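Treat the numbers as computed from the prediction; the structure is a model and nothing was measured. So you know, we letter chains A, B, ... as the sequences are listed, proteins then strands, and number each from 1.
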2 protein chains.
Amino acid sequence: MGKSYKQYCALAKTFEIVGERWTPLIIRELMFGGRRFADLIEGLPGIGASVLASRLKDLESRELVYKAHLPPPAASSIYQLTERGASLGEKLLCLAEWGMELLGGKADDEVFQNRWILVHIKTAMDRELAEALSETYILKVDEDIYRIKVDHGELEAAQLIEIEKADAVITATAAVLLALHDNQLSFDDVVEQGVYKVEGELAAGRRFYELFIKAKRPTSTEVAA
Amino acid sequence: MGKSYKQYCALAKTFEIVGERWTPLIIRELMFGGRRFADLIEGLPGIGASVLASRLKDLESRELVYKAHLPPPAASSIYQLTERGASLGEKLLCLAEWGMELLGGKADDEVFQNRWILVHIKTAMDRELAEALSETYILKVDEDIYRIKVDHGELEAAQLIEIEKADAVITATAAVLLALHDNQLSFDDVVEQGVYKVEGELAAGRRFYELFIKAKRPTSTEVAA
DNA sequence: CCGGATCCGTAACGATACTG
DNA sequence: CAGTATCGTTACGGATCCGG
């Protein structure tokens, strides 16, 4: 695969793996559950099938990813993170946190997939607020359903097939969530307009917003001041 | 520069910068003080001058690095991290922490530079131990001198021109420090053999070892069990 | 349809040489 | 010392094709 840096340095060794094009994004895609080859192709627009195959082989050989052969009648196989691979994923979120400021409003030529909201949620969580909480939310974005569970600062997020019970079920479109995060809409407005629906406790729905969506970075008006 | 992923995702945006070959290592090189073009070439064996120039331009344009023109008679200029660049460096250390396990003993074809000990120290620090401490160490490795200051969990590390006073001055070769970290030598042995010299408080010299050098990962015997 | 392998044109990289 | 210029080699992106 890529050339080694030939340096006795932990940072260099890590970036021999994760510094190759697409590799960190492949790990991101696998962070919230196993995915098939075709799913990955779809989630990574622009990647070539040959590059993906090659990256997956490399990650398998390093035991960061393994291929699980589903029993018939599925007749398909999915790629999953090993425990070590998942621990790398957590570290990648450190960098995502740094990159949060690079994210202004979404440009027209940029792709966004609902699933990435979970990345956002895991990195943007207000840890101070989360310390005092123990709550489970269901988030419905378009056709996708996610479970987000906070337990005294610990966060668990996953994609679901069907709705489970939770302290609050929140329904919104990706556009609304992004606009909320970018401070283009206020929480009260979206609730009032019915585009951020909360079933269950309304206060829990607000806590979800405070925890995960509300921008922690300066708004454009604050920057101007 | 490198092609954009065209994804509205903080992780993708970050890796458009730091995912290019050499870029994370350039930031590593700048983490402990400004360096000249030629210094960088020397610290990054294998990089081409054209690639380095191009990476530095990119980092400058993103305001992660700036070029400081030293006043005459220095007649030279150095590259430095901006504050934002330094904050990225801190995040990179998260990944270095993950990669620590990839570091076995040093291979013969691998390069090692004394300065990287500071990377190691910043990522390997035993945080629990550090919480209770407030101490400054001088580390002399071959011709290089470093100041490492711990203050209740906060760590500050820099390269020095000359020795300052500190709680302990430790003198050792890089080979000894690496062998210590790899558990090939014990602390008591190296002190007794005089290859890990401590001026000042001996106990402080031992704390330095416990804090920064002692391997936190399983030894080969523990793995076998 | 899924999971690739193969081929091909283009862009990035590494090494060396050259310049202010 | 601080780069730029050139050139051969490698990696990537896109398309096509193939076996299960």
Side-chain angles (χ1 to χ4, degrees), chain A residues 1-7 12 15-26 29-30 33-61 65-80 109-111, chain B residues 1-7 12 15-26 29-30 33-61 65-80 109-111:
Chain A
M1 303 277 347
K3 275 192 66 169
S4 163
Y5 288 118
K6 293 281 170 59
Q7 296 190 356
F15 271 88
E16 286 176 12
I17 302 172
V18 92
E20 292 197 78
R21 190 157 167 79
W22 295 111
T23 299
L25 303 193
I26 292 169
E29 291 299 301
L30 297 178
R35 314 210 83 209
R36 293 171 306 173
F37 193 90
D39 297 330
L40 291 169
I41 292 280
E42 190 205 330
L44 300 168
I47 197 173
S50 57
V51 172
L52 176 57
S54 142
R55 294 290 187 274
L56 287 170
K57 269 203 193 91
D58 184 46
L59 290 170
E60 277 187 272
S61 77
V65 163
Y66 66 96
K67 196 199 287 198
H69 296 269
L70 299 183
S76 173
S77 54
I78 59 171
Y79 292 91
Q80 300 227 207
D109 63 343
E110 282 177 339
V111 176
Chain B
M1 302 276 350
K3 275 191 66 168
S4 164
Y5 287 117
K6 292 279 169 59
Q7 296 189 357
F15 271 89
E16 285 177 12
I17 302 172
V18 94
E20 292 196 81
R21 190 157 169 79
W22 296 111
T23 300
L25 303 193
I26 291 169
E29 290 299 301
L30 297 178
R35 313 209 85 209
R36 293 170 305 172
F37 193 89
D39 298 329
L40 291 169
I41 291 280
E42 189 205 330
L44 301 168
I47 197 173
S50 56
V51 172
L52 176 57
S54 141
R55 294 291 186 277
L56 286 170
K57 271 204 191 88
D58 184 45
L59 290 170
E60 277 187 272
S61 77
V65 163
Y66 66 96
K67 197 199 286 198
H69 295 270
L70 299 182
S76 172
S77 55
I78 59 172
Y79 293 91
Q80 301 227 206
D109 64 343
E110 283 177 338
V111 175

Could you tell me whether the phosphate oxygens of C:dA12, OP1 or OP2, come under 4.0 Å of any side-chain nitrogen or oxygen in A:Arg21? no

Any donor-acceptor N/O pair, B:Arg55 side chain to B:Arg21 backbone, under 3.5 Å: yes

Mind checking A:Gly46 for me? I need base, sugar-phosphate or nothing, with any heavy atom below 4.0 Å counting as a touch. sugar-phosphate

Starting from P on D:dA2, measure out to OH on B:Tyr79 and report it in whole angstrom. 8 Å

When rounded to whole Å, the NZ to C1' distance for the pair A:Lys67 and C:dG3 reads 8 Å

In whole Å, I'd like the distance from the CD1 atom of B:Ile41 to the P atom of C:dG14. 11 Å

Donor-acceptor check, side chain of A:Tyr5 to backbone of B:Trp22, threshold 3.5 angstrom: yes or no? yes

Ranking D:dA2, C:dA5, C:dG3 by distance to the side chain of A:Ala49, first place goes to C:dA5

With nearest nucleotide decided by heavy atoms, which residue, B:Ile47 or A:Ser50, maps closer to the 5′ end of DNA chain C? A:Ser50

B:Trp22 atom CH2 is separated from C:dC13 atom P, nearest whole Å, by 11 Å

Heavy atoms from C-beta onward define the side chain here; which of D:dC1, C:dA5, D:dG3 lies closest to that of A:Ala53? C:dA5

Using the side-chain heavy atoms of A:Val51, tell me which of these nucleotides is nearest: D:dA2, C:dC2, D:dC12. D:dC12

